[in-house]
Amino acid sequence: MTMKHWLVKTEPEVYSIDDLKRDGSTAWDRVRNHQAKLSLRDGMQPGDRVLIYHSNAEPTGVVGVATVVGEAMPDATQFRKGDDAFEPRATKDAPVWWARTLRFERRFPACVTLASLRAEPKLAGMQLLARGNRLSVLPVAAAEFACIERMAKA
DNA sequence: GCCAACGTTGGC
DNA sequence: GCCAACGTTGGC
């Protein structure tokens, strides 16, 4: 099966690309949207590459690349009573939310800002840039992924 | 099943 | 901090 490409959003004040670099890899969890869950659980394959996007940041944009490691796993945070990610409907036999391990690959020398993404004609169809998009896990076309990698080097 | 109220996301 | 977009909840 061919490789897929993805983008995940994170608020750097909560968990940044530097946190991922420090940790080496991390469970990408606390995602509480069903469409994003399907990407995490069913869409991603081991070895897929993932753009890391800083939202609510100065500046906002793509800051690096990670790799999908292993299979989907139940999001452990859904079982933690008292945690704001707790999910009362979830049981161990029937988890509601899923997570993936992402491994740090590299940090771009500079953030590829949202403004520069919007200014790039090749990215005009990118799902991230669609009006009102709030999904925190998104598929990215291979050509779009390559384009952003080139922008990071320029 | 409809839909108003409400909560969250995320750019600015 | 504001607010548009839009997902979720819950009464009916």
Side-chain angles (χ1 to χ4, degrees), chain A residues 4-23 25-44 48-66 68 72-102 104-141 143-152 154:
Chain A
K4 296 184 206 165
H5 300 80
W6 307 92
L7 178 146
V8 297
K9 298 177 186 173
T10 183
E11 299 190 22
E13 289 196 11
V14 177
Y15 195 84
S16 71
I17 184 84
D18 291 323
D19 294 324
L20 182 59
K21 183 176 183 178
R22 177 200 63 214
D23 294 344
S25 67
T26 197
W28 208 263
D29 55 14
R30 299 180 179 272
V31 172
R32 293 295 180 270
N33 170 283
H34 288 288
Q35 204 174 332
K37 173 201 74 179
L38 291 175
S39 290
L40 282 174
R41 191 188 66 186
D42 306 333
M44 289 181 175
D48 283 357
R49 296 170 76 227
V50 183
L51 297 169
I52 304 295
Y53 178 92
H54 279 176
S55 62
N56 280 319
E58 187 50 54
T60 62
V62 180
V63 290
V65 180
V68 175
M73 56 203 168
D75 178 341
T77 66
Q78 73 193 303
F79 303 120
R80 291 181 195 155
K81 276 204 177 87
D83 192 304
D84 60 7
F86 178 64
E87 172 55 73
R89 294 170 289 192
T91 64
K92 298 280 182 179
D93 288 339
V96 176
W97 305 112
W98 294 76
R100 280 278 181 160
T101 300
L102 297 187
F104 176 82
E105 185 174 315
R106 66 202 164 85
R107 197 202 146 113
F108 292 155
C111 176
V112 179
T113 64
L114 179 60
S116 65
L117 297 176
R118 288 200 188 283
E120 171 52 60
K122 290 195 182 77
L123 301 178
M126 205 181 169
Q127 199 172 323
L128 173 74
L129 305 180
R131 185 173 152 80
N133 176 47
R134 299 186 308 167
L135 265 186
S136 65
V137 181
L138 294 161
V140 176
E144 293 165 350
F145 193 100
C147 178
I148 292 169
E149 286 197 303
R150 282 195 302 274
M151 291 169 76

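A, B, ... follow the sequence lines: proteins, then strands. Residue 1 opens every chain. Hydrogens, waters and symmetry mates play no part in the numbers below; they use all other heavy atoms, side chains included.
- Between the CH2 atom of W97(A) and the P atom of dG7(C) there is a distance of 13 Å, given to the nearest Å.
- The nearest whole Å value for the distance from the NE2 atom in H34(A) to the P atom in dT9(C) is 7 Å.
- Taking side-chain N and O atoms only, Y53(A) has a distance below 4.0 Å to OP1 or OP2 of dG11(B).
- Judged purely by atom type and a 3.5 angstrom limit, Q78(A) uses its side chain to pair as donor or acceptor with the backbone of V96(A).
- To the nearest angstrom, P of dC12(B) lies 15 Å from CD of E11(A).
- Map R89(A) and N133(A) each onto its nearest nucleotide of DNA chain C; the residue landing nearer the 5' end is N133(A).
- Between N56(A) and N33(A), the one whose closest nucleotide on DNA chain C sits nearer the 5' end is N56(A).
- Smallest separation of non-hydrogen atoms from C111(A) and P59(A): SG-CG, 4.0 Å.
- Looking at heavy-atom distances under 4.0 Å, L128(A) makes no contact with the nucleic acid at all.
- The nearest whole Å value for the distance from the CG atom in L138(A) to the P atom in dC6(C) is 13 Å.
- Within 3.5 Å, a donor on the side chain of R134(A) pairs with an acceptor on the base of dT8(B), or the reverse.
- In this structure, R100(A) contributes its side chain and W28(A) its backbone to no donor-acceptor pair below 3.5 Å.
- Look at CD on E13(A): it is 14 Å from P on dG10(B), rounded to the nearest Å.
- In this model, the phosphate group of dT9(B) is not approached by any side-chain N or O of K9(A) to a distance below 4.0 Å at OP1 or OP2.
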> Going through the distances and angles, do Q127(A) and L135(A) end up as a side chain to side chain contact (heavy atoms under 4.5 Å, CB included)?
Replying inline: CA-CA 9 Å; Q127(A) 199 172 323; L135(A) 265 186; 4.1 Å; yes
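- Contact check, R30(A) against dT9(B): no side-chain N or O comes under 4.0 Å of OP1 or OP2.
- Rounded to a whole Å, the CG atom of L135(A) is 10 Å from the C1' atom of dG7(C).
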